[in-house]
Each structure stands twice: as structure tokens, then as C-alpha cells.
Amino acid sequence: MYSAGRQFLQIPGPTNTPLPILAALAKPTIDHRGPEFGALGREVLEGVKEVFATEQPVVIYPASGTGAWEAALVNTLSPGDTVLMYQSGWFATLWRKMAEKLGLKVELLEGDWRSGVDAARIWAVLAEDKAHRIKAVCAVHNETSTGVTSDIAALRRAMDTTGHPALLMVDTISSLGSIDYRHDEWGVDVTVGGSQKGLMLPPGLSFNAVSQKARAAGKTARMPRSFWDWEDMIAANVNGFFPYTPATNMLQALKVALDMLREEGLPNVFSRHKRAAEATRAAVRHWGFETQCAVDAEHSPSLTAVRLPEGHSADALRAQILTNSNMPLGNGLGQLADRVFRIGHLGDFHDLMVTGTLSGVEMGLAACGIPHRAGGVDAAMRSLAGNNAPGGLLKGSAA
Ligand SMILES: *Cc1c(COP(=O)(O)O)cnc(C)c1O
């Protein structure tokens, strides 16, 4: 049945796909071995480096983010190797499960799902590991299940002070193109990204930004790999081509997404996300709820996970909002099932979408009889007005 008006897809990925990207996807598919494709390939392979803040190769797969996780592991490690993982939330847990399925040994540092990676704990484990048994440290930059962002630069510094040679692998699937991230400057060895969140594309592409050190590890790594092999990709990519049929139309759309991000300017994109997050938290505080993130400096700019008061069902609230406002919100994952709902505020998103999203939530709270203080949307509007011009937040004058 036709449902009037645009759906607000406010899950933290996939995100709303803007019209220029939908138009690019609708263009005729081109010959992936022809000259037109070669030019496109070279352009996107070069252009995508900007969002990773890297000069090093970025490998692009026709796969969801999970595929790029697998690529990171199989290109650098050998069966039985030990990796150190930090369980910041649900996505860190999934990555660990994959590592175990692939035959790696996982040493897990349990987190509380309310704060980010504790660099001091990583430091302590690496400092003890005199035999260098641990081959890689894996962390999630923006934990999409909790709305917590981790300080990757601090993690790198902690690793460096031990002199331990482990590789650093970081999942940026829900932060790439929405939260400041620097592959080279922060000394990350493999950065894992996906298309369907900050990049505003549909699901279907994923990425590995790879350091020299990660490629060198690949020379002796014995995990079987074929489809995911970086070196086959990087060799073909020199001329803009791929070893197998690439997701041609998605790459045409990626070119448009990169142009859009460049036009807006990445620093402005990042501050736009912070504005939206700040306004969302102003509403949540006003309603009288807690965010899942318990550390002020670690609130995610791209999504907010909201804890409902004891005895209320987050899933019932989401179902009500979906039916009445045609707005999907993110569910609670793992141990947070039915306890939290998640508001995605990333990708192609502006002030009126912030307030529209929050009014959908506030109407849902009232309809479900969940006790709250009315007027959260007003609090969000005051926050947006205080952080005046788009892109103005935290630039000094407007903050
Ligand atoms: C969305 C997401 C994933 C999963 O990616 P898929 O594209 O579903 O395979 C992994 N990690 C994080 C942090 C995510 O937000």
C-alpha cells in the first residue's frame, strides 16, 4: 500500500540515499574492461583515500562490511595466530566470532558496553606479551550498538609505548565519512569501511585501507585467501581495473558521493554530525532518559543509543513509531535487545531531519505511555539554534 511522504530511515545504517546517488545508480552499466571504466576506477580509488585520510592503497570489495573484516584478517594472519580484541559492544563481538571461525585465537578484553576501548588495558596486555604472541589488535572506532566512539590515536600511542609489533586493525564502518578519522596519522594498519553509512550509498561496497606494514605481513601470512587477496586487487587497480567484475554502478555512485563530501568539505561534514548528535542528546536529556554511552567525551556523532526506563519495551516503541510515523529506528543488539533504541543521525541528514526524527520519537513515547518530560524537540531546536550556522559547531565562535 502506498504510504504518503518520504520514509525517515533513521537506523544507523543503511542511511537515507540522496537523489544524486540514486540517479548515479540508475545510469547504464558500462564495460568494466573499457576505457571509460578505467578512468572511473582510477578516480574513485584515488578519491576514496581522502575519507580515510590516507596516501596508501584502499582496496574496494563488492561486499558488505563483514567481507572487509574477513579481508583484513585473512590478508595479514596465519591459522592459530592470536589477536587481541576489545569487546566494546555487539559489532566487536561479531568480529571476534568471525576471527574464531577463521581459526584464529582471540584474546578478549571485556568492556562494559557503555564506554570505548580502554587503551591502558591494551597497553597492559601487550607489555606482558614479551614473546609477541599477539599479532594484531582489533578495535571498533564507532560502536554502532552503543553509540560510543573510541580514541584510536590514544590506542596507537599506547601500543607504540610498549614497542610491541602487533598490527592495529580498526572497524570504521559507521564512522567513515561522518566522524573524523585518520588512517595514516593514527598509524592504523588496516581500516575497514562500508558504503551504506556515512558515505550515503546503499549497502554493497566495503573497503580496506592498508599500511605498508600490513602488506608486508601479508607476504608471510598463511591464511587461505583468493577473492579477498589484496595484492591481486592492488595490481589490477594501478590502471583503475579490478581482477573480477566490480560493482560498476556502485562505483559510479561512489564517485558522486565523494564529490558531494568534497563539496561540503569533510570538516563541515564532521561538525554537521556533531550538531545533530548534540541536539539529539539535548532531547534525550530533556525527556529524562539516559544514553547508553556513559562517557561525555565518547558520545558518537553518528548515532545515539537511548535507554528506556526499566519495564518499558524499546521494541514496542519502535514498532509504534514505524507504524504511525513511517520511521524505522535501530533496535537494541545483543544484551541491549529491547532495552535501548538507536537513533541514526548520519549520512545525508540536516537540521529539519533531526527535529523531524525527534518529533517522531516524542510522539511515539506519548502513544506508548512511556513516562517522559514533553518538549524534547524544543530542547533540540534550542541546541541547534545555539550551535548556529551549519558547520558552526565546535569551531570556536559558535560553540
Ligand atoms: C554496520 C556495521 C557493521 C556490519 O557491516 P555489514 O555491512 O552489515 O556487513 C560492522 N561494524 C560496524 C561498526 C557497523 O556499524
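Each ligand, and each atom within it, is numbered from 1 in the order the structure gives.
Taking the charged nitrogens against the carboxylate oxygens, R182 and D184 have no contact shorter than 4.0 Å, which rules out a salt bridge.
Residues that satisfy the side-chain contact (heavy atoms from CB on, under 4.5 Å) test with T355, not counting sequence neighbours, are L352, V377, M381, L384.
Side chains of Q292 and T146: no donor on one and acceptor on the other come within 3.5 Å.
Residue pairs that meet the side chain to side chain donor-acceptor pair (under 3.5 Å) test with at least one member in residues 18-35, sequence neighbours left out, are T29-N249.
Using cut-offs of 30° and 60° on the angle between ring planes, the pair H372 and F289 is tilted.
Side-chain heavy-atom separations under 4.5 angstrom define the hydrophobic clusters, and the remaining members of the one that includes M159 are L84, Y86, L109, V117, I122, V125, L126, I134, V137, I152, L155, L168, V170, Y181, W186, V188.
For ligand 1, the protein residues placed under 4.0 Å by at least one non-hydrogen atom are S64, G65, T66, W69, F91, V140, N142, T144, D171, I173, S174, Q196, K197.
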